Peer 1: 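Handing you this structure, nothing more for now.
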Amino acid sequence: SKKKGLSFEEKRARMMEIFFETKDVFQLKDLEKIAPKEKGITSMSVKEILQSLVDDGMVDTDRIGTSNYFWAFPSKALHARKRKLEELESQFAESSQKKEALQKNIEKSKIGREDSAERAALLEELATLRQKKEQLRAEIDKYRECDPDVVEEMRQTNQVAKEAANRWTDNIFSIKSWAKRKFGFEESRIDKGFGIPEDLDYID
């Protein structure tokens with residue numbers, strides 16, 4: 001059967017074993033040679049595994065001259081685990097307090113909402129009143145056109161439209177007058193050529 005490869009966490013654990021067992025300081029190139037032989041970690045993944053351990057504060061690193069050196073001691077790892085445990089315990093305690101507070105709020109909110117004939121009747125009345133409200137709203141909308149404010153708004157809109165229409169009518173008459181003078185066209189020919197109604201006039 002095909003041999004199963006190591007998981008990411010297994011590789012991290014085995015990399016830490018190298019440091020703990022040797023208590024030595026290494027360069028990346030050293031670990032890329034040692035890890036495959038002694039711990040079954042492929043040389044191509046050594047850099048990634050090492051960086052993840054550095055990022056988590058489990059492996060120390062320092063640059064000396066042009067080279068980077070890596071090391072880790074069991075005592076530091078133990079302290080790191082203790083800190084992590086304390087952090088998790090603090091988060092757990094905080095979450096427990098929040099859960100307890102939420103539970104109390106839930107219980108408090110249930111007071112007065114217990115199922116009863118009176119509550120059922122009140123809910124039914126509420127539903128009826130909401131339906132009545134919607135009917136009244138629809139009735140109001142039906143007579144909205146009689147609202148003085150709406151009528152005034154429509155009047156102003158009509159006035160603006162009327163003024164705009166008369167402006168364009170004036171422009172058309174001016175162009176027709178210019179065309180008659182410039183080219184000597186008959187008015188009926190201009191109207192026909194440009195689709196202008198013969199009875200075009202200003203709106204009173």
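Since we're looking at a predicted model, the values are computed, not measured.
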Peer 1: Indicate yes or no: at least one non-hydrogen side-chain atom of Phe8 is less than 4.5 angstrom from one of Ser45.
Peer 2: no
Peer 1: Within the structure provided, determine whether Leu102 and Lys99 are in side-chain contact (heavy-atom separation under 4.5 Å).
Peer 2: no
Peer 1: Just checking Glu186: does its CD atom have more than 12 heavy atoms from other residues, nucleotides or ligands closer to it than 6.0 angstrom?
Peer 2: no
Peer 1: Calculate, to the nearest 0.5 Å, the distance between atoms CE and CD1 belonging to Met15 and Ile41 respectively.
Peer 2: 4.5 Å
Peer 1: Is Ile175 reachable from Tyr202 through a run of I, L, V, M, F, W or Y residues, each pair having side-chain heavy atoms under 4.5 Å apart?
Peer 2: no
Peer 1: Tell me if a side-chain donor or acceptor on Ser52 pairs with a main-chain N or O of Ile49 at a distance below 3.5 Å.
Peer 2: yes
Peer 1: With sequence neighbours left out, write down each residue that passes salt bridge (charged side-chain N to carboxylate O under 4.0 Å, His left out) with Glu94, or none if nothing qualifies.
Peer 2: Lys98
Peer 1: Report the residues that fulfil ring-ring contact (aromatic ring centres under 6.0 Å, His included) with Phe92, sequence neighbours left out, ordered by chain and then residue number.
Peer 2: none
Peer 1: Measuring from Ile172:CD1 to Arg167:CZ, what's the distance to the nearest 0.5 Å?
Peer 2: 13.0 Å
Peer 1: Nearest heavy-atom pair of Pro36 and Ser43: which atoms, and what distance?
Peer 2: CG-N, 3.7 Å
Peer 1: Can the ring centres of Phe20 and Phe73 be said to be less than 6.0 Å apart?
Peer 2: no
Peer 1: Leu6 and Gly40: which non-hydrogen atoms are nearest, and at how many Å?
Peer 2: CD1-O, 3.5 Å
Peer 1: With salt bridge (Lys or Arg N to Asp or Glu O under 4.0 Å) as the rule and sequence neighbours excluded, what pairs involving residues 57-69 come up?
Peer 2: Asp60-Lys76
Peer 1: Ignoring hydrogens, what is the shortest heavy-atom contact between Thr22 and Ile18? Give both atom names and the distance.
Peer 2: OG1-O, 2.6 Å
Peer 1: Are side-chain heavy atoms of Thr128 and Lys132 found at a separation under 4.5 Å?
Peer 2: no
Peer 1: Would Trp178 and Phe183 count as a close aromatic pair, with their ring centres under 6.0 Å?
Peer 2: yes
Peer 1: In the structure I gave you, are the side-chain heavy atoms of Phe19 and Val59 within less than 4.5 Å of one another anywhere?
Peer 2: yes
Peer 1: Do other residues, nucleotides or ligands put more than 12 heavy atoms under 6.0 Å from Glu124 CD?
Peer 2: no
Peer 1: Suppose we screen for ring-ring contact (aromatic ring centres under 6.0 Å, His included). Which residues come up paired with Phe70, at least two apart in sequence or across chains?
Peer 2: none
Peer 1: Can you name the residues that form a salt bridge (charged side-chain N to carboxylate O under 4.0 Å, His left out) with Lys180, not counting sequence neighbours?
Peer 2: Glu187
Peer 1: Drop me the distance from Glu118's CD to Leu123's CG, to the nearest 0.5 angstrom.
Peer 2: 10.5 Å
Peer 1: Check for me, please, whether Trp168 and Phe173 land in the same ILVMFWY cluster - side-chain distances under 4.5 Å, paths through other members count.
Peer 2: no
Peer 1: What salt bridge (Lys or Arg N to Asp or Glu O under 4.0 Å) pairs are there with at least one residue in residues 10-28, not counting sequence neighbours?
Peer 2: Glu9-Arg12, Arg12-Asp56, Glu17-Lys39, Glu21-Lys39
Peer 1: Do the non-hydrogen side-chain atoms of Lys47 and Leu28 ever get within less than 4.5 Å of each other?
Peer 2: yes
Peer 1: Considering all heavy atoms of both residues, which atom of Met58 and which atom of Ala72 are nearest to each other, and what is their separation?
Peer 2: O-CB, 3.4 Å
Peer 1: Could you grab the distance from atom CD of Glu32 to atom CD of Gln27, nearest 0.5 Å is fine?
Peer 2: 10.5 Å
Peer 1: Give the intermediate values and the outcome of side-chain contact (heavy atoms from CB on, under 4.5 Å) for residues Arg130 and Leu126.
Peer 2: CA-CA 6 Å; Arg130 281 177 175 167; Leu126 177 61; 3.9 Å; yes
